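So the structure is just underneath, and the comments pick up after that.
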Amino acid sequence: GGGSDDAAGGGTEKLTIYTARDKKVATFVVDKFTAKYPEYKGKVEVLNLGAQEILERVRAEKANPQADVWWGGTQQGLAAGAAEDLLTSWQPAFAGKMDAKYKDPEGRWFGEILLPEVIMYNNKALTPEKAPKDWDDLLKPEWKNKIIIRDVAASGTMRSIYASMIQRQSPDGSNPQPGYDWLKKLDANTGAYAANPTDLYLKLSRQQGVLSAWNLQDILLQAEQANMPFGYVMPSSGAPVLVDGLAAVKGGNSTGAQKFIEFLFEDSLRADLAKDYFQIPAVDIAEKPEWLAQLDLKPLDVDWDVIGKHETEWINHWNSQIKNKG
Amino acid sequence: MSTIPATPGAATVPPVTEDPTPPRARAPRWLAGGANSPWFPYVLVFPLALVLFGYVVQPMFATFAESVGVDGLANYSVFLTGDGVARSALVTSLVISAASVLLCGIVGVAMAFLLKRFSFPGRRLIEAIILVPAALPPLIGAISFQLLYSETGILPRGLQHLFGTEQPVLPFTGIAGVLVVHTFTMYPFFYLAASAALVGMDPSVEEAAYNLGAGRVRVWRTVLLPMLTPALVSASLLVFMTSLASYTAPLLFGVDQTMTMQIYINRTNGDLPMASTYASVLGVVSVLFLLGMRWYEGRRSYRSQSKGVASHRREITNPFGRWLALLASVLATGVLLAPVGTIALVAFSRDGSWTTEVIPSAYTMGNFVTIFTDEGAYRPIVNSLKMSLIATVACVVVGVLIAYAVRRLDFRGRALLDVAVMLAWALPGTVVAINLISAFSTGNAFSFGQVLIGTFWIMPLAYFVRFLPLVFRSSSATLAQLDPSLEEAARNLGASWWRAFGTVTLRLMLPGVLAGALLAFVHGVGEFVASVLIYTSETAPISVEINNRMYSFEVGTAAAYGMLQVVLIFVVMVVSGRLESGPKASREAARWTA
Amino acid sequence: MIDVTLESVSKRFARGGDSAAVDDVDISIAAGEFFTLLGPSGCGKTTTLRMVAGFYFPTSGRIRFGQEDVTHRPPNKRDTGMVFQNYALFPHLTVAQNVAYGLKIRKVGRAESRRRVEEALGQVHLAGYGERRIDQLSGGQQQRVALARALVIRPRTLLLDEPLSNLDAKLREETRVEIRRIQREAGTTSIYVTHDQAEAMAMSDRIAVMESGRVQQIGAPQEIYHRPANAFVARFIGRSNVLSLPVAAAGPQTVTVALPGGDQVTVAAPAEHGLREGATALVSVRPEHIGLASTTDADALPGRVTEVEFTGMATNLVVDVAGEPVQVTAIDVPAGLAAGDQVGLRLPRERMWVVRP
Amino acid sequence: MIDVTLESVSKRFARGGDSAAVDDVDISIAAGEFFTLLGPSGCGKTTTLRMVAGFYFPTSGRIRFGQEDVTHRPPNKRDTGMVFQNYALFPHLTVAQNVAYGLKIRKVGRAESRRRVEEALGQVHLAGYGERRIDQLSGGQQQRVALARALVIRPRTLLLDEPLSNLDAKLREETRVEIRRIQREAGTTSIYVTHDQAEAMAMSDRIAVMESGRVQQIGAPQEIYHRPANAFVARFIGRSNVLSLPVAAAGPQTVTVALPGGDQVTVAAPAEHGLREGATALVSVRPEHIGLASTTDADALPGRVTEVEFTGMATNLVVDVAGEPVQVTAIDVPAGLAAGDQVGLRLPRERMWVVRP
Ligand SMILES: Nc1ncnc2c1ncn2[C@@H]1O[C@H](COP(=O)(O)OP(=O)(O)OP(=O)(O)O)[C@@H](O)[C@H]1O
Ligand SMILES: Nc1ncnc2c1ncn2[C@@H]1O[C@H](COP(=O)(O)OP(=O)(O)OP(=O)(O)O)[C@@H](O)[C@H]1O
Ligand SMILES: [Fe+3]
Ligand SMILES: [Mg+2]
Ligand SMILES: [Mg+2]
């Protein structure tokens, strides 16, 4: 049996969280949570998984859900979960403050943090001045084989960036060709595709390439906490902003799950996470850390509905016709 | 399984079959009647078949059903038409697998020959480290190869510095890189199988070939290798299927048009039927390969037909050969240990201190301090050990029996049983795990009515299903060499089938069984893809821990964990090396080099 | 009392060609009897033995021990002790452990077991070899371990498949006396396979001669030797001349045949020989029963020596008599007898016997 | 011309106990000679053969082929064809492929190879078995394949380790004639190990009798048979009575001994027998040379029959003569002779011979 039927003494049920967040973040948050709600002390079980694995697991466990909270997932992933009827629909207190584009209209999932996708560079190899200023600069011949890209098809983040690049040039998604051409040129400049984030960081830090496209939070985390030689450029035409969200799993311990999710959106916690873990909250918070206050976030105008409709087709096309062919 | 079955699983009750004999002989006969009663095979095999059917075959069919669920066989047509991705993925996967088999075969058999046929200083040590590459934690392992051989790797960069060239020298990329990783991590399949077989082989046959004028190479080609066929077939199957289902290596070396990558991509796309289609094709290819190999092996007999017992008696006085063997082994060891050394470098280097340098510039013990000060540090290690051990024991018990049944007993459906066991190995771990989740989310007959999801037992069960083929195959290979008249002699002297099996057959199969058990254990400790889908916070294995560290780019501590795993497996190797042969293997080799 | 019965037992191998390895064999062996299977290589001796031991199931027919049908009884329930033609020694056990294996299964106590193992090793002249590994023994020594292993358990039935084939004459003789002694003392029913006819003759109570899976004759050694049922048995057991001679007259139990020289002799024949005057009778006569005589002897058939072979105890000759080669074994041969010499042969009519084709 | 020479060759096994398996053996074999090693089980025959084949290196001593020292030459460079005592057939090859193996290595063309394989299989009576798998053959059939495999390559030296031990008498005889024929035709030097003395006598040019790793006597069959060097050889080759008799007088090449009854006989003795009057001489006499006589015969030694054994061709008796058991083999035994009967024995003085202890 899972969390739901293991009702323990004291009336508090076990709370199982599947999270794609960094282990440190998860530990930090859960500690605060149990500090505030002592009845959950020793009752919270956190499993660290990849975003894709959470989807797989929740999907496979549908008949007898084990998880209560799905914490950390792309908009697409969560939407897929919602579509497969895996998620609870509810309206938390913070939902009202949240921009509609960051949440599911039926309340099955909510955005937690915003992930602007920016240009990343190795700051030992390049000065900020020499680094490209906008997306189109990446296509310049001087960057030939200097770009490392986290392999696209298997990464939610990258799929969103690439789809945005296509949608940018065809707002209604009817003509992906200009986007394809653009990506083909990018492919020509791409020296290698990295297998996973770690691989990307390694390749970039070891200067197999010097440029990439990546999310702001991780760039800052790596630079500050892991001593990596990374810097970022906010593209002048704007950065696609992804939403990373969370949800309560249907059939799980919904009391605990909802309590936890509400807790996550508390102002002070958000501020701490923003300060220490470079998170950009999806709802506005009162006191912003310095970096966030200074951040000149310029969102690229992306229509996620259009992307949602075409992403599979576009990425499959890219994967089979463009990748390594430019 | 902990509790009383809610539904009486057929496997738990002795099968009630109509008994054709008079009641007098009835009671113990189904057990003691032994291998001679015409329906003994079914008694032995029935529970096994049930387990396999429940855990492997039926989920496999479910996968197949999903692939044809919506639009029939349309999904399969992409392998014939489509934009070619499917077809080229299939071709790439096949090419990589075939090449891996070849390379692993060469390396593994050569090492087996060196270590089992020559005695030289340090041989025991090399025997102990020889399995370490297989023990590399999946993610770290592949990354260590990258750190070694890729464009930014130690070797190409080192050579670049040495020769002062513009570009790194001799980097491995793409398929070549994948093959390097495969060769290094999978040659132990061949090594273990071939060494077990060499030990069990009738030496006089080799002498006969020399006597008829065959030179050393020729003897190898025409006698030794053919006589090793069961072992080689077993290893080929394992390597082929592993390569086919290999995921990390192609991923890291950017070979994305492989079957497994396509499965992953299609899952990410949310196109589950298509993913299932790929998985089914993978299964079908594996089964075809298996059937081909079975046929190939079945054409001949490999049992010693000699009278009496011959011992290795050929002696080599040529010291040259001995030193050459030593040299070759030292070289091989260096190459084998290089990835481990790389992990050690990472583990001991300060985060961020190793970028463009050939080797890290600053060192620290910090990573080890970090993992050991973490309060739950030992938990994953203990978990992995415990779960692998349980699974390995189960694999040995069941695997050996199935091997016996398939090799020695005559019953309908032998080939089917063989295929059923191997299927679990042919399928990607993710698929197996998902099948298990579906099977055990709710109680059903195959789980004895138990919901296993979220419990401890699901993990060993997954390892058991996945690694059963390892023990099964290598046991089966040694059994092929064994003269059945030894077992007959024991029976004749009054031993029941079980006793004869235990005291003679099993004892003589031991090298192969141990080899398989070792492989199962090592793989169990490193298992990630299935574990990550079914572990709970209580049962988090070491691989998940490593992955979490990798995920947060704590490469240093991940490597430190990796080192722990390697050391652990090294210890197991040394212990089992003692167990397996004691002084006997050395004696064997010594006789050859007296 | 009948102890082991084979009732029209046949065995066909899936890939053994068309013919059966053992073909409709009927044998009954009395309790305590020493029964020998004799026959050319590949005639089905081992196959028969293995069916009795329970390693093969007859394709058809039944096997009984006493009254019980054991056709499908597992080997370990048959209490047979078998010496395998290929020894089938346990390579992972020492000599003593090999021999002790069956005792251990019979739960014989340690001390008793030790004593019996030592005794058995002594019986096969391997005292002191107990601690050796099997692969440190010579071929003959291995064979003796196999024998000791079967003897030591004192089984109800002993099945011995050429247990002495790799031993020297001296040892073989000693060992066969030992086997016989043990077997007699315990009253063990024994089925013995050998290719050594002298051995078969000397040891057996009865012998079955097989050919191509079929039993040709069953009888006491003397009977088989002196009254072979057919030409095959006559030729196979010992050496024998089977002469084709025209029948001059036929009685109920005798036949009168014409010798090459023209003389007629009356020789014994089986009751239903079915020969008539003018037919050709096959008459068997043993080489050692033919006497050498000088060419001048009127009673003797004249012939020319074509081959001379010295075998130690005796000399074998082949003598051409009117175109038919006749084998003769003689102990006292005229010194210097060589191929080409003329000799006379004396045929012993009382030792001649008509056989069936 | 000397073809194979063993020069004080010894072989000790690491774990073979204290004594050497082969101990200071000196043998020279002429080209084309058929040389036989004879000796009890475990005496070192196989070990010697394996050193010649190159599978063991002598612990000391040298082996030469012609003038060349081959002590350390690898086995595949020696051009010997060996029949292994344990057959050592390739289980993964068919019968025909087994036989063809050596031909393939010698690069014999396909057609020629096929022809020769068929011929060789015919020679061992296995025509038609070419496509069988080895595990589908009987023991004797396997042995014949091993033989064919060695014969077919027509090696420079044939090494045959009990190649006929599992064949029936008939087949053995035919096969040994075949071996001899092939060997003679090609002039192949052959070393043959057998435990069958009749075989050794009939086939060999010379025989070496070994015991406990040492050579006891080397000589032509007749010589070994009639003039055994010592009591061991006398007893081992054929059956022999070695009587201990008091020396009445000693000549340079003869010794006069007193028989149990009191009669004296003068018998041949080796030149350096070193016996004096009053010493005890060992006198060997073969059972088959002793004649049976009636008890009334004055020339005959009286004795009492203690054992009677029928062996087909002859009857073996043990006769007690003044307390000493004397073995007698007779072909014509009075009907109904049984243990306890009194008989007379006639000792043939010209066939008696003094042996060394
Ligand atoms: N590998 C070994 N280690 C130790 N002793 C051995 C080894 N091989 C043989 N021996 C011993 O050496 C002696 C000679 O053995 P060998 O095989 O030459 O005998 P053999 O004359 O061929 O006997 P048989 O007629 O029984 O085959 C035997 O006493 C045997 O026990
Ligand atoms: N497994 C088998 N498959 C096919 N044929 C077989 C098999 N085993 C034996 N045979 C054949 O059956 C016949 C009888 O074999 P068996 O072993 O009983 O002979 P045998 O009388 O013991 O001969 P030998 O004296 O040579 O040992 C032989 O012709 C043999 O080739
Ligand atoms: Fe539960
Ligand atoms: Mg046989
Ligand atoms: Mg021998």
Side-chain angles (χ1 to χ4, degrees), chain C residues 13 15-17 21 38-47 85-86 125 128 132-133 136-144 161-162 165-173 195-202 221-222 225 235-239 286-289 309-314 316 329 331, chain D residues 13 15-17 21 38-47 85-86 125 128 132-133 136-144 161-162 165-173 195-202 221-222 225 235-239 286-289 309-314 316 329 331:
Chain C
F13 290 105
R15 274 177 280 193
L38 209 57
S41 172
C43 72
K45 305 180 293 293
T46 299
T47 308
Q85 194 170 7
N86 71 350
H125 300 261
R132 288 254 191 134
R133 290 203 338 236
Q136 293 168 340
L137 297 182
S138 78
Q141 288 165 342
Q142 291 188 14
Q143 190 167 43
R144 284 180 275 159
D161 198 349
E162 310 199 4
S165 64
N166 280 82
L167 304 184
D168 55 281
K170 202 101 215 140
L171 190 56
R172 198 156 71 230
E173 213 157 301
H195 50 72
D196 181 334
Q197 289 156 20
E199 200 165 286
M201 294 288 169
Q222 304 260 1
Y225 192 77
R235 286 209 184 87
F236 184 75
I237 301 292
R239 287 141 45 97
R286 302 268 168 206
E288 70 271 20
H289 293 153
E309 188 193 45
F310 175 75
T311 63
M313 198 176 89
N316 294 326
T329 300
I331 289 189
Chain D
F13 289 106
R15 274 152 222 262
L38 210 56
S41 171
C43 72
K45 307 180 293 294
T46 298
T47 308
Q85 192 172 8
N86 70 351
H125 299 260
R132 287 254 190 136
R133 272 172 30 183
Q136 294 168 341
L137 297 183
S138 79
Q141 287 164 343
Q142 290 184 5
Q143 190 167 42
R144 285 180 273 160
D161 199 350
E162 311 198 3
S165 63
N166 279 82
L167 306 185
D168 56 280
K170 203 101 215 140
L171 191 54
R172 200 156 69 230
E173 212 157 300
H195 50 71
D196 182 333
Q197 288 154 21
E199 198 166 287
M201 294 287 167
Q222 303 260 1
Y225 191 78
R235 285 209 184 88
F236 185 77
I237 301 294
R239 287 141 46 97
R286 302 270 168 205
E288 71 270 22
H289 293 154
E309 188 192 47
F310 176 74
T311 64
M313 198 177 90
N316 293 326
T329 301
I331 290 189

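Computed from a prediction, not measured in an experiment: that's the story for all the values here. Below, chains carry the letters A, B, ... as their sequence lines are ordered, and counting in each starts from 1. In what follows, every heavy atom counts, from backbone to side chain, and hydrogens, waters and symmetry copies are set aside.
Minimum interatomic distance between D/Lys170 and C/Arg235 (heavy atoms only, all atoms of both residues): NZ-O, 2.6 Å. Between C/Ser41 and D/Asp168, the shortest heavy-atom distance links the atoms N-OD1, 2.9 Å.
For D/Asn166, the parts lying near chain C are the backbone and the side chain together; criterion is any non-hydrogen pair under 4.5 Å. With a 4.5 angstrom heavy-atom cutoff, C/Gln197 touches chain D only via side-chain atoms. With a threshold of 4.5 angstrom between heavy atoms, D/Gln143 does not approach chain C through any atom at all. Of the atoms belonging to C/Glu173, it is side-chain heavy atoms, and not backbone ones, that fall under 4.5 Å from chain D. Looking at D/Ser138, only its side chain comes within 4.5 Å of chain C, counting heavy atoms on both sides. Contact of D/Glu309 with chain C is made through the side chain alone, with heavy-atom distances under 4.5 Å.
From D/Asp196, atom CG reaches atom OG of C/Ser165 across 12.0 Å, with rounding to the nearest 0.5 Å. One finds the NE2 atom of D/His195 at 10.5 Å from the CG atom of C/Leu171 (value rounded to the nearest 0.5 Å).
With chain C as partner, the option from D/Gln222, D/Arg286, D/Glu162, D/Arg172 having the largest number of non-hydrogen pairs under 4.5 angstrom is D/Gln222. Comparing C/Cys43, C/Ala200, C/Gly42 by heavy-atom pairs within less than 4.5 Å of chain D, the highest count is held by C/Gly42.
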